[in-house]
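Worksheet for the structure shown next.
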Amino acid sequence: MSDRIYNFSSGPAVLPEPVLRRAQGALWDLNGTGIGAMEHSHRSPAFTAVIERAEASLRSLAGIPDDYRVLFLTGGASTQFFMVPMNLLGDGRAADYVNTGVWSKKAIKEARRFGPVHVAASSEDEDFSYIPERVHLSEGPAYLHITSNNTIYGTEFTREPELPATVPLICDASSDILSRPIDVSRYGLIYAGAQKNLGPAGVTVVIIRDDLVEAGRDDLPTMLQYRTHADAGSRFNTPPTFAVYVLAEVLAWIEDQGGLTAMAEHNQAKAQLIYDALDRSELFRTMARPDSRSRMNICFRTPSPELDVRFAAEAEQRGLSGLKGHRSVGGMRASIYNAFPPAGCRALVDFMDEFERAHG
């Protein structure tokens with residue numbers, strides 16, 4: 001990793017070093033055009049090639065069927081929290097949500113602005129330490145929404161809820177998208193802020209089935225309709241061009257690593273290394289149930305908040321940055337997304353062992 005330290009930040013997060021190197025050059029000159037990637041018109045042939053490459057790579061990697069649109073938007077997942085119900089509610093049916101943490105609760109809050117909301121399952125009874133096994137749908141819901149990975153609590157869905165074919169599954173996949181293969185055809189809409197597994201902050205990926213594009217309300221402000229962006233190829237207005245360029249490079253890097261099957265194996269091995277260390281420790285303990293553990297965000301703590309603070313501070317001095325847990329839960333959090341190197345996981349385990357010998 002040259003002279004870079006290990007970045008465990010939950011997002012914006014570590015990017016592949018080869019991508020950063022290519023982006024350095026593209027800032028000055030994109031593909032020999034004599035114009036930098038941030039300077040090209042979003043309608044120029046050079047940027048058209050970039051955005052088309054990004055979509056083609058995403059479709060290939062994720063196996064996105066032809067009856068789905070790929071959109072590159074702005075506003076992050078927080079904008080999708082209201083854009084989804086704004087487009088898909090309104091006929092009196094409820095929107096069903098699985099509540100697995102802060103981000104689910106934010107999505108639920110926004111949905112209630114546009115129609116009735118039914119919480120079909122929740123893990124709030126045990127501080128969001130697990131993924132509910134079953135959902136209890138309302139009668140004929142407009143959709144069911146899940147958050148596939150919960151960065152604050154370190155939990156992750158390992159499989160999709162079983163749903164009737166008439167109920168679209170909506171997923172906030174911001175923190176685990178492209179970390180493993182998924183069957184996109186089981187979803188009606190997937191959205192993800194890019195700043196964890198896809199690229200830099202600024203671009204939001206939406207994968208939406210054609211029938212949901214068409215079903216969306218047409219009396220909304222133009223920019224808040226999915227059909228607007230689907231019809232305009234994500235260029236109704238100026239998209240975040242440089243963020244899309246970096247995203248395209250990240251997708252190419254994932255392809256070079258062997259695709260999503262290889263990513264899944266890579267991510268499982270990294271997470272297992274840290275979880276094994278936590279399970280054998282007498283000082284540290286994890287926050288999530290073993291059957292719900294995230295491969296992306298490993299949340300843990302010591303017996304006291306004071307010792308947690310000391311661990312994070314000493315880790316920072318060792319070049320292990322960003323381990324402080326979310327302010328709402330405390331403890332520590334190791335975010336090890338696709339681009340995070342295995343050597344960083346080994347360095348963390350070594351430091352955990354050393355810290356336990358000193359403070360256990």
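Residue numbers start at 1 and run along the sequence shown.
Side-chain contact between V205 and Y191: absent, with no pair of heavy atoms (C-beta onward) separated by less than 4.5 Å. Looking at Y226 and V206, their side chains come closer than 4.5 Å, going by heavy atoms from C-beta outward. Within the 4.5 Å cutoff, no side-chain heavy atoms of C299 are placed close to those of M332. Looking at H42 and P239, their side chains come closer than 4.5 Å, going by heavy atoms from C-beta outward. Side-chain atoms of Y143 and P85, non-hydrogen and from C-beta on, do get closer than 4.5 Å to each other. At a threshold of 4.5 Å between non-hydrogen side-chain atoms, the residues H229 and M223 count as touching. In this structure the side chain of F128 never reaches within 4.5 angstrom of the side chain of N150, judged on heavy atoms. Under the 4.5 Å side-chain criterion, counting only non-hydrogen atoms from C-beta, P303 is in contact with L283.
With hydrogens and angles left out, the side-chain atoms of D172 and S174 include a donor and acceptor closer than 3.5 Å. For the 3.5 Å distance criterion, the side chains of S123 and T100 fail to qualify, holding no donor opposite an acceptor. Using modelled atom types, one finds no donor on one side chain facing an acceptor on the other under 3.5 Å when comparing N197 with S179. The closest side-chain donor-acceptor pair between T155 and R293, if any, does not fall under 3.5 angstrom. Side chains of N338 and N267: a donor-acceptor N/O pair is present below 3.5 angstrom, by distance only. R235 and T48 form a side-chain donor-acceptor contact under 3.5 Å, judged by distance and modelled atom types alone.
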Quick one, R134 with E162, criterion salt bridge (charged side-chain N to carboxylate O under 4.0 Å, His left out). Give me CA distance, side-chain angles, the key distance, then yes/no. CA-CA 8 Å; R134 295 181 180 84; E162 294 296 331; over 6 Å; no

Audit row: F242, L27, side chain to side chain contact (heavy atoms under 4.5 Å, CB included) steps and yes/no: CA-CA 8 Å; F242 187 66; L27 276 171; 3.7 Å; yes

Criterion side chain to side chain contact (heavy atoms under 4.5 Å, CB included) on Q195 and V203, from CA distance to verdict: CA-CA 8 Å; Q195 66 272 14; V203 62; over 6 Å; no

Evaluate the criterion salt bridge (charged side-chain N to carboxylate O under 4.0 Å, His left out) for residue pair R357 and E354; output intermediate values, then yes/no. CA-CA 5 Å; R357 287 194 297 272; E354 179 183 332; 5.1 Å; no

Decide yes or no on side chain to side chain contact (heavy atoms under 4.5 Å, CB included) for L137 and L163, but give the supporting numbers first. CA-CA 9 Å; L137 299 177; L163 297 176; 3.9 Å; yes

side-chain hydrogen bond (donor to acceptor under 3.5 Å, both in side chains), that's the test. Do S129 and D127 meet it? Break it down for me. CA-CA 5 Å; S129 62; D127 297 324; over 6 Å; no

Going through the distances and angles, do N99 and S104 end up as a side-chain hydrogen bond (donor to acceptor under 3.5 Å, both in side chains)? CA-CA 5 Å; N99 179 19; S104 299; 4.6 Å; no

Could you go step by step and tell me if R217 and Q225 meet the side chain to side chain contact (heavy atoms under 4.5 Å, CB included) rule? CA-CA 7 Å; R217 290 172 52 184; Q225 297 182 40; over 6 Å; no

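Atom CD1 of I131 and atom OG of S148 lie 9.0 Å apart (nearest 0.5 Å). Separating the CG atom in L212 from the CG atom in N87 is a distance of 9.5 Å, to the nearest 0.5 Å. Within the model, atoms OH of Y153 and CE of M287 stand 10.5 Å from one another, a figure rounded to the nearest 0.5 Å. Expressed to the nearest 0.5 Å, how far OG1 of T151 lies from CZ of R333 amounts to 5.0 Å. Here the straight-line distance linking atom CD1 of I64 with atom CD of E55 works out to 8.0 Å at 0.5 Å rounding. Between atom OG of residue S138 and atom CZ of residue R93 there is a gap of 9.0 Å, rounded to the nearest 0.5 Å.
V98 and V117 sit in two unconnected hydrophobic clusters of ILVMFWY residues. Membership requires side-chain heavy atoms under 4.5 Å apart, directly or through other members. Follow the hydrophobic side-chain contacts under 4.5 Å out from L224 and you reach F114 in the same cluster. At a threshold of 4.5 Å between side-chain heavy atoms, the hydrophobic network of Ile, Leu, Val, Met, Phe, Trp and Tyr places F236 and I207 in two separate groups. Linking Ile, Leu, Val, Met, Phe, Trp and Tyr residues whenever their side-chain heavy atoms come within less than 4.5 Å leaves V102 and I298 in two separate clusters. Tracing side-chain contacts under 4.5 Å through hydrophobic residues (I, L, V, M, F, W, Y), one reaches V246 starting from I51; they form part of the same cluster.
R289 forms a cation-pi arrangement with Y130, by the criterion of a distance under 6.0 Å to the ring centre and an angle within 45° of the ring axis.
Side-chain atoms of S10 never come within 3.5 Å of backbone atoms of S335 as a donor-acceptor pair (strictly under, hydrogens ignored). Under a 3.5 Å cut-off, the side chain of S57 and the backbone N or O of R53 do form a donor-acceptor pair. Between the side chain of D308 and the backbone N or O of T302, at least one donor-acceptor pair lies under 3.5 Å. Panel note: side chain R59, backbone Y68; a donor-acceptor pair is recorded below 3.5 Å. The backbone N or O of T33 sits less than 3.5 Å from a side-chain atom of D29, completing a donor-acceptor pair. Using modelled atom types, no side-chain atom of H40 and backbone atom of P45 make a donor-acceptor pair closer than 3.5 Å. A donor-acceptor pair under 3.5 Å links the side-chain atoms of R69 to the main chain of A230, judged by distance alone.
The number of heavy-atom neighbours closer than 6.0 Å to CD of E139, taken from other residues, nucleotides and ligands shown, is 12 or below. Counting heavy-atom neighbours within 6.0 Å of D66 CG, excluding the residue itself, gives a total of 12 or less. The neighbour count for R180 CZ, taken as heavy atoms of other residues, nucleotides or ligands under 6.0 Å away, is above 12. Counting non-hydrogen atoms of other residues, nucleotides and ligands closer than 6.0 Å to CD of Q24 gives a total above 12. Shown here is R159, whose CZ atom has no more than 12 heavy atoms of other residues, nucleotides or ligands within 6.0 Å.
The nearest pair of heavy atoms linking E124 to K105 is OE2-NZ, 3.0 Å. Here the closest heavy-atom approach between residue K270 and residue I336 is recorded as NZ-O, 3.3 Å. The minimum heavy-atom distance between Y337 and A13, with the atom names listed, is CD1-CB, 3.4 Å. The minimum heavy-atom distance linking S321 with E316 is given by the pair OG-OE2, 2.9 Å. Across every non-hydrogen atom of A248 and V50, the tightest pair is CB-O, 4.2 Å. Annotation for E356 and E282: closest pair OE2-N, 2.9 Å, computed over non-hydrogen atoms.
Looking at E110 and K106, no side-chain N of the basic residue comes within less than 4.0 Å of a carboxylate O on the acidic one, giving no salt bridge. Under the 4.0 Å criterion applied to side-chain N and carboxylate O atoms, R209 and E214 are not assigned as salt-bridge partners.
Between F355 and H359, the ring-plane angle classifies as tilted under the 30° and 60° cut-offs.
Taking the six-membered ring wherever Trp is involved, the centroid distance between the rings of F284 and F311 falls below 6.0 Å. The aromatic ring centroids of F47 and Y245 lie 6.0 Å or more from each other.
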